[in-house]
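One-based numbering along the sequence shown. Nothing here was measured: the structure is a model prediction, and the numbers come from that model.
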Amino acid sequence: QVQLVESGGGLVQPGGSLRLSCVASGGTDSNYPMAWFRQAPGTEREFVAGNDRSGGNTVYAYYVEGRFTISRDDSKNTVYLQMNDLEPEDTAVYYCAAGRLLRTEVDDYDFWGQGTQVTVSS
């Protein structure tokens with residue numbers, strides 16, 4: 001059973017930056033596609049960014065492309081989400097997920113972390 005634990009969320013002003021981390025344990029390997037999703041109150045969980053392996057394919061949602069960067073350190077079983085130029089619309093709970101294929105749908109991912117809150121506000 002794969003366990004995912006996120007950290008790094010918090011309160012930041014518009015235009016600021018945060019880096020989220022997700023540590024995986026219990027059966028992941030370097031070829032496991034990893035992704036970040038987010039969910040704001042009253043909305044559906046949505047895809048943010050995904051990566052199928054270190055140095056491999058990366059996909060971003062259009063609303064974060066150019067501002068967010070996903071990366072992974074397979075030696076540490078950790079995936080990161082560097083978030084720059086944050087906007088109030090980025091406020092949400094951010095979830096790390098591990099799946100079988102690099103896709104953008106919630107149903108394509110089998111394992112989820114508990115989430116970390118990101119709040120962008122002045």
Applying salt bridge (Lys or Arg N to Asp or Glu O under 4.0 Å), name anything that partners Asp110, two or more places apart in sequence or on another chain. Arg100
List for me each residue that meets salt bridge (Lys or Arg N to Asp or Glu O under 4.0 Å) alongside Arg38, sequence neighbours excluded, and say none if there are none. Glu46, Asp90
Considering residues at least two apart in sequence or located in another chain, which fulfil the side chain to side chain donor-acceptor pair (under 3.5 Å) criterion with [X]?
X      : value
Asn57  : Asp52
Ser7   : none
Gln39  : Arg45
Ser121 : none

Compare all side-chain heavy atoms of Val120 with those of Gln13 and state whether any distance is below 4.5 angstrom. no
Side chain of Gln82, backbone of Thr69: donor and acceptor closer than 3.5 Å? no
Contacts satisfying ring pair (Phe, Tyr, Trp, His ring centres under 6.0 Å) that involve residues 56-91 (not counting sequence neighbours) are none
Any disulfide bond (SG atoms under 2.5 Å apart) pairs touching residues 60-93, not counting sequence neighbours? none
Cluster membership besides Leu101, Ile/Leu/Val/Met/Phe/Trp/Tyr side chains within less than 4.5 angstrom, sorted by chain and number, is none
What's in the same ILVMFWY side-chain cluster as Phe37, cut-off under 4.5 Å, chained through other members? Phe47, Val59, Val93, Tyr95, Leu102, Val106, Tyr109, Trp112
Using residues 16-24 as the side-chain source, report each donor-acceptor pair under 3.5 Å to any protein atom, sequence neighbours left out, with the distance given to one decimal.
unit_1	atom_1	unit_2	atom_2	d
Ser17	OG	Asn84	OD1	2.9

